[in-house]
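Reckoned from all heavy atoms, side chains included, excluding hydrogens, waters and symmetry mates. When a ligand or atom number is given, it counts from 1 through the structure's own listing order.
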Amino acid sequence: MAPLFDSHCHFAPGDDIAGALARAREAGLSGLLAVGGDATADAGARTAAAIAPGFALPAFGIERTEADSIPDPAALDSRLAALEEALVSGGAAAVGEIGLDYSHGEDEASRARQRALFAAQLRLAGKLGLPCSIHSRDAEEDTLAILRGNLSEDLVAAGRAGSLHCFVGSAEFASELAPLGLSFGLSGIVTFRSADTLRAVVPLLPRDRILVETDSPYLAPVPLRGRPCEPAFAVHTARFVASLLELPDDEAFALFDANARRLFAPGSSPSIPLD
Ligand SMILES: [Zn+2]
């Protein structure tokens, strides 16, 4: 079985994290990015990394849903200082998830707080040399502007700025993101009946920037749609994306794994277990 890396998933304390990690290994996964974003998800990522060091790589961040609880620059500074401490002491592989979501009727003040939070964390990621796991929904224009203004030149040049997780954008959006050193995380959405537009975009993406993710516990892929999602299900999405790319499964899995490792675990190899 070729290796496969789940490039974006979440755990919560109280979940059967050890069981999900064991099932991920049984399914053939070589690793995963356990993504934070708020206190619950950060704690889940920390727990997963403690259970399976070198297999579950943690990411910590302050996601857009937290923006309204950060009213002014002083509050932002103190949250960022705590995040930096968590990233460094926790051996984080990435900052995330972070980004913009304008799909819930946010007013302009709320959007501005999201933008400030996103920009500040991109700068922190640059300072620490870490890629980001980025959420962008109904906010393509502002996402691009903030990425252009705040990404570290070194990470962009290395093609390691991060991933647009759960990518459902257009070919045009992708062509703006790729030169910024960003990769594209394809989730179970690509398998949904309604996703014809996304399926047409996938073969146009640069192959060395394609990642597979579950975004578990959400978005279980067909044929498991409706079940609570977990990292083991990445195999279904990966097979589906392989068919869209007209690649043999083994070749595609190895490609997605190598792409994820270049981003989140440079220097590592799936054939050399770290744990
Ligand atoms: Zn997520």
Problem - Check: Phe60 and Pro58 side chains under 4.5 Å, non-hydrogen atoms - result: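 A side-chain contact exists here, since the closest heavy-atom pair is under 4.5 Å.
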
Practice task
Check whether any N, O or S atom of His165, backbone or side chain, sits closer than 2.8 Å to the Zn ion (ligand 1).
Solution key: no

Practice task
Output yes if Cys9 passes the N/O/S-under-2.8 Å test against the Zn ion (ligand 1); output no otherwise.
Solution key: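 Given the 2.8 Å cut-off, Cys9 does not count as a ligand of the Zn ion (ligand 1).
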
Handout entry: Pair Asp107 + Arg111, salt bridge at N-O below 4.0 Å
Key =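 So Asp107 does not pair with Arg111 through a salt bridge.
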
Exercise for the section: State plainly whether the residues Arg79 and Glu66 are in salt-bridge range, i.e. N to O under 4.0 Å. Expected result: yes

Problem - Angular separation of OE1 (Glu97) and OD1 (Asp215) seen from the Zn ion (ligand 1), to 10° - result: 180°

Practice task
Answer yes or no: is there a donor N or O on one side and an acceptor on the other, between the side chain of His10 and the main chain of Val35, under 3.5 Å?
Solution key: yes

